[in-house]
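Reviewing the structure listed below.
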Amino acid sequence: GMDGAPPPASPAGLSAYVAVSQLLGLTLLATTGAWLGRYRGGVAWHSSLQFNVHPLCMVLGMVFLQGDALLVYRVFRHEAKRSTKALHALLHGLALLIALVGIVAVFESHRTKGIPDMYSLHSWCGMAAFVLYLLQWLLGCGFFLFPSASFSLRSRYKPQHVFLGIALFVLSIAACLLGITEMLLFNISDSYSHFVPEGVLANTLGVLLVAFGLVVGYVLTRDDWKRPPLAEELALSMDFKTLTEGESPGGGS
């Protein structure tokens, strides 16, 4: 605070849930790496292993980083809104870039091996998630980061932005689960039903993805864990509203 008072502490439980989410996220990445490294030959770009870049990038970008970008407003509760917003946009942007590398990898790998594209449910859900995520990011930057939109337009769009953010996160995890299943059925369809180690590891990865999604979702939907507006933000938004809408704060709209 301005008077040298310490900033208010985070709500009880929030830090614990955030810590669990990060632990799950890192375990997710390690499990994906272990699966690809131990059973699928590893990851390389210009080789027959190019396909393996795809699951790694998708889990890193569309799940772990996307989840963390969504948590930014809960974690950085007392930092300036502007810098929190910039971090939120930056993490989403990074997730998009990494996901794009993953998409290029799968298309190039298919082309090399003569495999058709975009026929499976996994590819439809995955591509929908990516395209909508890109759109959501561009709209978010336009509305909130470089606000050219009026105050009333922004406040009307914000609930849509928040809902779509969570919906796309859910869709991304669903696409990953479909992808894991597809990979197992393509690679070990004869032995999958015998509880072979690769099948068990990949199933575990699926369970971890769901767990990560649930923990992040819980943190995002707890009303009492929402980021409290700072005093200067409340004052600013009233000034901004007055300037853009031409109404005095007391004058009704």
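As the structure is a computational prediction, the values presented were derived from the model and not from experiment. For the single chain, residues carry numbers from 1 onward in sequence order.
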Stepwise side-chain contact (heavy atoms from CB on, under 4.5 Å) test for S21 and V219: CA-CA 9 Å; S21 76; V219 173; 5.9 Å; no
Shortest non-hydrogen contact from R74 toward L14: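 Scanning both residues completely, I find the closest heavy atoms to be O-CD2, 3.6 Å.
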Check: L91 main-chain N/O paired with D68 side-chain donor or acceptor under 3.5 Å: no
Sidechain-backbone polar pair: S155 side chain, S152 backbone, donor-acceptor under 3.5 Å: yes
Do [X] and [Y] belong together in a cluster built from hydrophobic side chains that touch within less than 4.5 Å?
{"X": "W35", "Y": "V200", "value": "no"}
{"X": "V104", "Y": "L65", "value": "yes"}
{"X": "L230", "Y": "F76", "value": "no"}
{"X": "F64", "Y": "L178", "value": "no"}

Verdict with reasoning, F163 to K158, per side-chain contact (heavy atoms from CB on, under 4.5 Å): CA-CA 9 Å; F163 169 77; K158 193 180 169 191; over 6 Å; no
Output field: ring centroids Y17/W225 closer than 6.0 Å: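 Between W225 and Y17, which both carry aromatic rings, the centre distance is below 6.0 Å.
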F144 and H88 aromatic centres sub-6.0 Å: no
So does [X] have more than 12 non-hydrogen atoms from other groups sitting under 6.0 Å from [atom1]?
{"X": "W124", "atom1": "CH2", "result": "no"}
{"X": "R38", "atom1": "CZ", "result": "no"}
{"X": "Y119", "atom1": "OH", "result": "yes"}

Worked check of side-chain contact (heavy atoms from CB on, under 4.5 Å) between I173 and C176: CA-CA 5 Å; I173 290 176; C176 285; 5.5 Å; no
